[in-house]
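Following: one structure in structure tokens, then a few remarks.
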Amino acid sequence: MIVAIMERVRNWLLPALLAVAQLSVWPGLTLLRGESVQAPQLAVGLAATASAVAVLGLRRRFPVAATLAIEATLVAEVVVPEEALLAAMAAGVAALYSVAVRRPAGTAVLVAAVLTGSAVLRSLAVYDSPVDVGGEALASVAVYAGTVGVGLSRRRWLAGRRAAERELARAEAVRRTAAGTERQRLARELHDVSAHHLTSVVVTADAARRLGESRPELTADALRLAAEGGRETVRALHRLVAVMRSPAADEESPLEERIAELAAGFERLGQRVSLDTASGPAALTGPVAEAAFGVVREALTNTLRYAPGAAVRIVVRDGAGALDLLVEDDGAAEAASGTTARAPGARQGLGSGRGTAGMRDRAAGLGGTLEAGPRPDVPGWSVRARLPHPSSAVSRNPALTSVSSADTATVLAVSALPVIAVLIERPAATATACLPAVLHALPLLWRRRTPWTVLFLVLASAWIPPVAVALGLLPSDVAWALTVAGACAVCVALHAVAAFAGPAGRTWPAVLVTAGGLASTAVALDAFGGGRPEAGTGDAGVPFLVFLTVFLTAFTALPMGGVWGLGVFVRRRRESVTRREDSALTAAVWSAVVEAHEERQRIAAELRQEVLRHADEVVVRAERGDLDGAAERARAGLAAMRELLAVLRQGAGAATGTAENAEKENAENTEAAAKHLSKP
């Protein structure tokens, strides 16, 4: 409720201030000066002001309609003096700003063009001089283009903030579900282990006991199968614990260190791993390193599952704008078993059925590619991935691609100001002034990308009027108009340096550079004949010119310092907001990593304490010939596994039918084992 009230007050504050200002200027100030105001003019002026400020209050909901409606009130200019419509004019500019902020750039440009055309038509009805009409048109272009530029910049800023909020919301959602997602994933892994290994021990032992009287020799087969099932359970659980063993701090460790530790862990499980990591990606961290680590981990897990004991080679190369990965094995286990190829569908990670698909998803998430399949000329399997760095997404010519509609509108507005000044000073030279004005403002298109370069280009182009005067190409009054009005372009470039070029400690010399550039340009223009003959400095000596330049530099440094300070304020505000967003996002992501890691550690501890102990006992009892003891330990391990699965399913909200499916699968396995053992 309070927020809604504050938003309403904020929305109507500007219309109220404009109404008060208008009444103070006209008719208030006019009446205080003793000038008369005719009743029809007073009525029309007050009606136009009331209509404009009332419609302005709707600019947030209906920006285009509000802008056009306010523009319609300006037709009163044919009846009332111009000062009676100041509030309506300001309201039109404010409404156009709302259009640029809340609507696409094309809509804002179209509305600005309509407003400019309307201003030209009104000026034709009010002014008789083409100079006045042209000045009105150029002034409208400058005002409306500048408004659209500022509005589009604000729109881009708000879009960035909304994107950051969405990213933070996604990170928070991941954080809230991190532990649950990890539980659900591990539940699938553990269910595969229990269903395919421990359960087989139980059902095989039960079938052997049931057929023991008629086929006593089957007990030996059941013991052998129990020992094999127990060993496979131990291996599978060790693989799962190895995958879960990476500490949470590894998320920020260098890629080479993480892969080396991962390889060492798999070597302890019997794999022969060789690592070839170039110096480039050795210290790589961040999303690319995380995706690369995930791909290598999944590929090693698959190799351990389908080619245990094979020699594995890991190659990591930092190529042109991308990280290249290769994980390949020699297929030792396949060669020993006579298998020559692996079906892509069978290439799974620890029974989850999503191993290769998960690796492809990681690569695709960064705009990369991944290929997995048999090696072409030799036995074995290979996984190749290419993960582009975030910076590689930048175009080869970023300076050109960084030009936006806001920058174009800004350049148009800044170019129009010198032309307006020349139009007022000497209308006949207006066409001649267009090219220097455009050249002076054109570098501002790239002020965000290369602010220092743009500043020097703008200061260099400011010398066009003095040089043109020296060569007799421009009259002095036109050159002065271009120089004075063109200082706006220099201020925009200085602001860009302060806002985009770096911290204040690095950019403060731009104040002196800008002030010195403006001062030297003015002194040169006066020395080349731009001053009045009776007061010019063309005949002055070099010391006086140097003194005058230093004096003007000191005088100009004060306003330039204000422009620079505004840019520094904008930069610090932007960095503060970005830092706050990044901090919140990092905290959310790190919390998700920590919670998932803690869940992995907890489950790994449960596995080591209960299930692995029972699985080891299954092997020991089976090797001793104790079939009943092996079955009992298998049941105990299966019970511990299912108890852990129940906790995982409850925490993760996994499918409720897992237990029923497991029981059904157990019954089917029992029946199949009985049939197998009953065969002669």
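Every heavy atom of this structure was used, including side-chain atoms; hydrogens, water molecules and symmetry mates were not. From a predicted model like this one, the values you see are computed outputs, not experimental measurements.
The side-chain heavy atoms of Arg449 and Val454, taken from C-beta on, include no pair separated by under 4.5 Å. Taking the side chain as every heavy atom from C-beta outward, Glu77 and Ser123 never approach each other to under 4.5 Å. Side-chain contact between Leu482 and His440 is absent, with no heavy-atom pair separated by less than 4.5 Å. Contact of the Leu29 side chain with the Arg33 side chain is registered, since non-hydrogen atoms from C-beta on lie closer than 4.5 Å. Side-chain contact between Arg426 and Pro475 is present, with heavy atoms from C-beta onward closer than 4.5 Å. In this structure the side chain of Leu42 reaches within 4.5 angstrom of the side chain of Pro27, judged on heavy atoms. The side-chain heavy atoms of Val419 and Val141, taken from C-beta on, include no pair separated by under 4.5 Å. Val478 places none of its side-chain heavy atoms less than 4.5 Å from the side chain of Glu425.
Here Pro15 pairs with Trp12, Val53, Leu56, Arg59 under the side-chain contact (heavy atoms from CB on, under 4.5 Å) rule; sequence neighbours left out.
Heavy-atom minimum distance, Ala88 versus Ile70: O-CG2, 3.4 Å. In terms of heavy atoms, Leu525 sits closest to Pro466 at CD1-CA, 3.9 Å. A pairwise comparison of heavy atoms in Ala125 and Val78 identifies CB-CG1, 4.4 Å as the closest pair. Closest non-hydrogen pair, Thr507 versus Ala498, comes out as OG1-CA, 4.2 Å. Of all heavy-atom pairs spanning Ala421 and Ala485, the tightest one is CB-CB, 3.9 Å. Of all non-hydrogen atoms in Val75 and Ala72, the two that sit nearest each other are CG2-O, 3.0 Å.
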For His495 and Cys491: C-alpha separation, side-chain torsions, deciding distance, then whether side-chain contact (heavy atoms from CB on, under 4.5 Å) applies. CA-CA 6 Å; His495 178 275; Cys491 292; over 6 Å; no
Are Ser476 and Phe528 close enough, and set up right, to give a side-chain contact (heavy atoms from CB on, under 4.5 Å), and what steps lead you there? CA-CA 9 Å; Ser476 60; Phe528 291 159; over 6 Å; no
Determine, step by step, whether Arg447 and Asp407 satisfy the side-chain contact (heavy atoms from CB on, under 4.5 Å) criterion, reporting the C-alpha distance in whole Å, the side-chain angles of both residues, the deciding distance to 0.1 Å, and the verdict. CA-CA 8 Å; Arg447 68 188 187 279; Asp407 297 327; 3.1 Å; yes
side-chain contact (heavy atoms from CB on, under 4.5 Å) for Trp564 and Val497? Distances and angles first, verdict last. CA-CA 8 Å; Trp564 173 81; Val497 170; 5.7 Å; no
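Sparse packing is recorded around CD of Gln38, with 12 or fewer heavy atoms of other residues, nucleotides or ligands lying under 6.0 Å away. Within a 6.0 Å sphere centred on CZ of Arg10, other residues, nucleotides and ligands contribute 12 heavy atoms or fewer. Within a 6.0 Å sphere centred on CZ of Arg574, other residues, nucleotides and ligands contribute more than 12 heavy atoms. Atom CZ of Arg161 sits in a crowded spot, with more than 12 heavy atoms from other residues, nucleotides or ligands closer than 6.0 Å. Shown here is Glu7, whose CD atom has more than 12 heavy atoms of other residues, nucleotides or ligands within 6.0 Å. The number of heavy atoms from other shown groups lying within 6.0 Å of CH2 (Trp508) does not exceed 12.
Here the OG1-CG distance, from Thr450 to Leu455, works out to 10.5 Å after rounding to the nearest 0.5 Å. Taking OG1 from Thr147 and CG from Leu96, the interatomic distance works out to 5.5 Å, rounded to the nearest 0.5 Å. For the atom pair CG of Leu442 and OG1 of Thr408, the computed distance is 9.5 Å after rounding to the nearest 0.5 Å. The distance from the CG atom of Leu459 to the OG1 atom of Thr521 is 7.0 Å, given to the nearest 0.5 Å. Taken to the nearest 0.5 Å, the OG1 atom of Thr49 stands 6.5 Å off from the CG atom of Leu85. Of the inter-residue distances, the one linking Thr107 atom OG1 with Arg102 atom CZ reads 14.5 Å to the nearest 0.5 angstrom.
A donor-acceptor pair under 3.5 Å is formed between the side chain of Thr410 and the backbone N or O of Ala406. Between the side chain of Asp324 and the main chain of Arg386, no donor-acceptor pair closer than 3.5 Å is present. Remark: side-chain polar atoms of Arg155 are paired, donor with acceptor, to backbone N or O of Arg103 under 3.5 angstrom. In this structure, the side chain of Thr67 engages the main chain of Ala95 through a donor-acceptor pair within 3.5 Å. In this structure a side-chain-to-backbone donor-acceptor pair under 3.5 Å is present from Ser520 to Gly517. Side-chain atoms of Gln41 come within 3.5 Å of backbone atoms of Val79 as a donor-acceptor pair (strictly under, hydrogens ignored). Using a distance-only test at 3.5 Å, with no hydrogens or angles considered, no donor-acceptor pair links the side chain of Ser51 to the main chain of Ala48. Remark: the backbone N or O of Trp480 is not paired with any side-chain donor or acceptor of Thr483 at under 3.5 angstrom.
Ion pairing between Arg122 and Glu71 holds under the 4.0 Å rule for side-chain N and carboxylate O.
For the 3.5 Å distance criterion, the side chains of Arg448 and Ser153 qualify, holding a donor opposite an acceptor.
For residues 18-31, there are no side-chain hydrogen bond (donor to acceptor under 3.5 Å, both in side chains) pairs, not counting sequence neighbours.
Using a 30° and 60° split on the angle between ring planes, Phe551 and Phe547 fall in the parallel class, below 30°.
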